[in-house]
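Keep in mind that what you see is a predicted model, and the values were worked out from it rather than measured. Counting convention: from 1, in listed order, for ligands and their atoms alike.
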Amino acid sequence: MSIKLDGLSKAYHAEDWVLRDVQAEIESGEFFAIVGPSGCGKSTLLRMIAGLIPISAGELTIDGQVATNLPPKDRKLTMVFQSYALFPFLSVTDNVGFGLKARKFPAAEVADRVNRALELVNLTEFKDRKPRDLSGGQRQRFALARAVASDAKICLMDEPLSNLDAQLRVKMRTELRNLQQKLGLTVIYVTHDQVEAMTMADHIMVLHDRHVQQIGTPLEIYSQPVNTFVASFFGAPRMNLLPARVSGDEELTLAQTLKLPLPRPLAVADYTVGIRPNALTILPRDTATPNVQVQTVEYLGANMLLETQLADGTALELVGDPAMAYRPGEQLAVKITGTVYVFDAQGQAQFILKEGMTNGSRTQRSQVAANR
Ligand code: ADP
Ligand code: MG
């Protein structure tokens, strides 16, 4: 049950594009996450795939069949929403079997499918309860049971965990992922939460500014971001983005102070350099000339987050050892010890300088959008 999105576009009002030219192939049995900030069009894309709203332009193929204009019921998919539409007056069993009964399945088959679905999500003992007598996590599993019972091989989910408390959300991530693999479901999962996407998905599509920014595995998205948007959207604490300039020689100057050797000449121009906080190391006090001043400190438990400033006022976030008791106002010496990303003035990735920065590699542009 593969799905192909070929140039999908959406305008709710004439020419006012919410999505432009979305290109992707979703393989059978994979967990595919659509991620992006609020309002970027994630729900819109999912509703077009489900057939709940018309596709303005482009072609949708489901399982080799053009589905662009198929009615929702003929698309072989189910949908789990953020607010699960349950019938409050029906029991769990009747809710799960509702769709099947409506489609005139024989009673024995409905009962069998419902029982198996409830067993899978560990809700058998709650089958006679009403939805209101279930906890948040149980309701979520219940919504999944409905998807499972329907026998559709493709399941679309729109932020299904966002109503749960933090602890349950983490637990449900694993449960959902396990269930998806056990059933061999193809899941298209919408979320604004980069951690959710990173931990659950086989592939991630990053949406922003009406366009697909990048599609890749979680590792590719994290380690080879194609632009500054993707680079700063994934990873916590966020990647530092610093103004940089190449001027004549083969040297890159960051924030007018730090110098980096370049593996090969780069055009004289302005650039943006990205460095994740964990790619920066704070040197022991009094072992090197300080180059940053601490502004604020924040304890994160195992780590300490330090907001610092370079000489020209550019902000630089670091992580440090809480045992070192860094204080606001103090001067520290910081060294780049990890990966450095070089983006051009438009924010497009140019170079990735690996540890030590002696050899650079050109980023793979093939990761962009269509070419997966
Ligand atoms: P997301 O799910 O990523 O938060 P949406 O797909 O809900 O984003 O919305 C994307 C954009 O489309 C937003 O600017 C939103 O205001 C607009 N939009 C969503 N639904 C409608 C609609 N029914 N009519 C007009 N505009 C809409
Ligand atoms: Mg949405």
Go through the side-chain N and O atoms of Ser43 and Asp158 and say whether any donor and acceptor fall under 3.5 Å apart.
-> yes
Any luck finding a side-chain donor-acceptor pair between Gln180 and Arg177 under 3.5 Å?
->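 Yes.
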Ser43 backbone or side-chain N/O/S under 2.8 Å from the Mg ion (ligand 2) | yes
Just jot down the side-chain hydrogen bond (donor to acceptor under 3.5 Å, both in side chains) partners of Thr253, sequence neighbours excluded, or say none.
->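 So Thr253 forms a side-chain hydrogen bond (donor to acceptor under 3.5 Å, both in side chains) with Lys259.
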Under 3.5 Å, side-chain donor or acceptor atoms of residues 278-303 against the rest of the protein: list the pairs with distances, not counting sequence neighbours.
from	atom 1	to	atom 2	distance (Å)
Thr281	OG1	Thr337	OG1	2.6
Arg285	NE	Glu330	OE1	2.8
Arg285	NH1	Met324	O	3.2
Arg285	NH2	Met324	O	3.0
Arg285	NH2	Glu330	OE1	3.4
Arg285	NH2	Glu330	OE2	3.0
Thr287	OG1	Pro284	O	2.6
Asn291	OD1	Val334	N	2.8
Asn291	ND2	Val334	O	3.0
Gln293	NE2	Gly329	O	3.1
Gln295	NE2	Gln293	O	3.4

Identify all side-chain donor-acceptor contacts of residues 96-112 below 3.5 Å with residues at least two apart in sequence or on another chain.
from	atom 1	to	atom 2	distance (Å)
Glu109	OE2	Arg113	NE	3.1
Glu109	OE2	Arg113	NH2	3.0

Using a threshold of 4.0 angstrom between heavy atoms of the protein and any atom of ligand 1, which residues qualify?
-> Tyr12, His13, Val18, Pro37, Ser38, Gly39, Cys40, Gly41, Lys42, Ser43, Thr44
May I ask you to decide whether Glu317 forms a salt bridge with Arg238, counting only side-chain N to carboxylate O separations under 4.0 Å?
->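 Looking at Glu317 and Arg238, the cut-off is not met.
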